[in-house]
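What follows is a short report on a single structure.
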Amino acid sequence: QVQVAESGGGLVQAGGSLRLSCTVSGLPFGNYAMGWFRQAPGKEREGISCIAYNTGNTYYADSVKGRFTISRDNAKNTLYLNMTSLKPEDTAIYYCTEVRRVCPRIVTTMTTSYNAWGQGTQVTVSS
């Protein structure tokens with residue numbers, strides 16, 4: 001059974017930074033592409049970033065490119081999202097999960113095979 005647990009969210013002022021973490025169990029973490037998704041109030045969940053399992057290549061949605069950095073530590077089964085220059089429109093619940101097959105170039109279209117979602121971590125950016 002795949003389980004994920006996100007942490008690191010909080011309340012921050014616009015322009016601030018946060019680092020999210022996600023621990024994964026129940027699958028060989030190092031063999032899977034991993035992604036971050038977010039769901040803003042009143043909107044559907046969307047993919048924002050993906051990291052390949054082998055090359056370490058990273059992909060970002062235009063909305064976060066240049067501000068967010070995804071990384072992984074395969075030895076710790078942990079995924080990270082370093083967020084800088086935060087904006088009020090970044091306010092959302094952030095989730096991580098494995099990505100089906102490979103990272104798509106358009107990360108907003110990425111999907112998951114196991115559909116294993118944690119409770120997410122709330123990020124609130126005040127103006």
Side-chain angles (χ1 to χ4, degrees):
Q1 182 180 1
V2 179
Q3 293 185 319
V4 297
E6 303 91 349
S7 62
L11 173 62
V12 63
Q13 288 188 332
S17 302
L18 283 173
R19 189 192 195 204
L20 307 184
S21 299
C22 170
T23 56
V24 182
S25 62
L27 56 73
F29 181 82
N31 291 351
Y32 284 84
M34 296 294 299
W36 284 98
F37 297 72
R38 70 184 181 186
Q39 185 167 18
K43 295 186 177 181
E44 293 192 353
R45 185 158 48 197
E46 64 172 1
I48 59 170
S49 185
C50 185
I51 184 167
Y53 76 95
N54 52 355
T55 63
N57 287 346
T58 57
Y59 304 85
Y60 299 93
D62 288 343
S63 58
V64 305
K65 195 174 298 182
R67 301 186 298 119
F68 290 10
T69 303
I70 189 173
S71 61
R72 64 191 297 162
D73 185 335
N74 289 343
K76 295 182 178 180
N77 283 14
T78 301
L79 183 72
Y80 302 99
L81 186 68
N82 193 51
M83 305 187 296
T84 63
S85 301
L86 282 161
K87 305 174 180 179
E89 52 263 44
D90 294 318
T91 295
I93 301 175
Y94 285 71
Y95 303 89
C96 81
T97 194
E98 55 75 37
V99 173
R100 183 191 298 270
R101 299 186 69 180
V102 299
C103 293
R105 292 199 178 274
I106 304 175
V107 295
T108 52
T109 66
M110 64 185 178
T111 58
T112 173
S113 298
Y114 293 97
N115 206 34
W117 300 98
Q119 292 188 339
T121 187
Q122 175 71 48
V123 172
T124 303
V125 185
S126 63
S127 56

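Only this structure's heavy atoms are used, side chains among them; waters, hydrogens and symmetry mates stay out. Since we're looking at a predicted model, the values are computed, not measured.
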Say you draw a straight line from [atom1] of [X] to [atom2] of [Y]; how long is it, rounded to the nearest 0.5 Å?
{"X": "Y32", "Y": "N74", "atom1": "OH", "atom2": "CG", "value": "13.0 Å"}
{"X": "M34", "Y": "S49", "atom1": "CE", "atom2": "OG", "value": "11.5 Å"}
{"X": "I70", "Y": "C103", "atom1": "CD1", "atom2": "SG", "value": "7.0 Å"}
{"X": "T58", "Y": "R72", "atom1": "OG1", "atom2": "CZ", "value": "12.0 Å"}
{"X": "T108", "Y": "R45", "atom1": "OG1", "atom2": "CZ", "value": "14.5 Å"}
{"X": "Y60", "Y": "T69", "atom1": "OH", "atom2": "OG1", "value": "4.5 Å"}

If I compare all heavy atoms of [X] with all of [Y], which pair ends up nearest, and what's the gap?
{"X": "V4", "Y": "G118", "result": "CG2-N, 3.1 Å"}
{"X": "G47", "Y": "A61", "result": "O-CB, 4.2 Å"}
{"X": "V99", "Y": "C50", "result": "CG2-SG, 3.9 Å"}
{"X": "I51", "Y": "G56", "result": "CG1-O, 3.9 Å"}
{"X": "M110", "Y": "P104", "result": "CB-CG, 3.4 Å"}

Mind checking whether F29 and L20 sit in one hydrophobic cluster, side chains of I, L, V, M, F, W, Y counted as touching below 4.5 Å? yes
Do L18 and Y95 sit in one hydrophobic cluster, given that two such residues count as connected whenever their side-chain heavy atoms are within less than 4.5 Å of each other, even indirectly? no
Under 3.5 Å, sequence neighbours excluded: what are the donor-acceptor pairs made by side chains of residues 75-84?
{"from": "N77", "atom 1": "ND2", "to": "V24", "atom 2": "O", "distance (Å)": "3.4"}
{"from": "T78", "atom 1": "OG1", "to": "K76", "atom 2": "O", "distance (Å)": "2.8"}
{"from": "T84", "atom 1": "OG1", "to": "R67", "atom 2": "O", "distance (Å)": "2.8"}

Apply side-chain contact (heavy atoms from CB on, under 4.5 Å) to E46 and Q39, showing your working. CA-CA 6 Å; E46 64 172 1; Q39 185 167 18; over 6 Å; no
Tell me whether I106 at atom CD1 has more than 12 heavy atoms from other residues, nucleotides or ligands lying less than 6.0 Å away. no
Any donor-acceptor N or O pair under 3.5 Å, side chains T112, E98: yes
So that I can tick it off, tell me whether K87 and D90 are bridged by a salt bridge, with the cut-off set at under 4.0 angstrom between side-chain N and carboxylate O. no
Can you tell me how the ring of Y94 sits relative to the ring of F68, calling it parallel under 30°, perpendicular over 60° and tilted otherwise? tilted
Apply side-chain contact (heavy atoms from CB on, under 4.5 Å) to residues T91 and Q122 and explain how you reach the verdict. CA-CA 8 Å; T91 295; Q122 175 71 48; 4.1 Å; yes
Run the side-chain contact (heavy atoms from CB on, under 4.5 Å) test on R38 and V64 for me, step by step, so that the C-alpha distance in whole Å, both residues' side-chain angles and the decisive distance to 0.1 Å come before the verdict. CA-CA 11 Å; R38 70 184 181 186; V64 305; 3.9 Å; yes
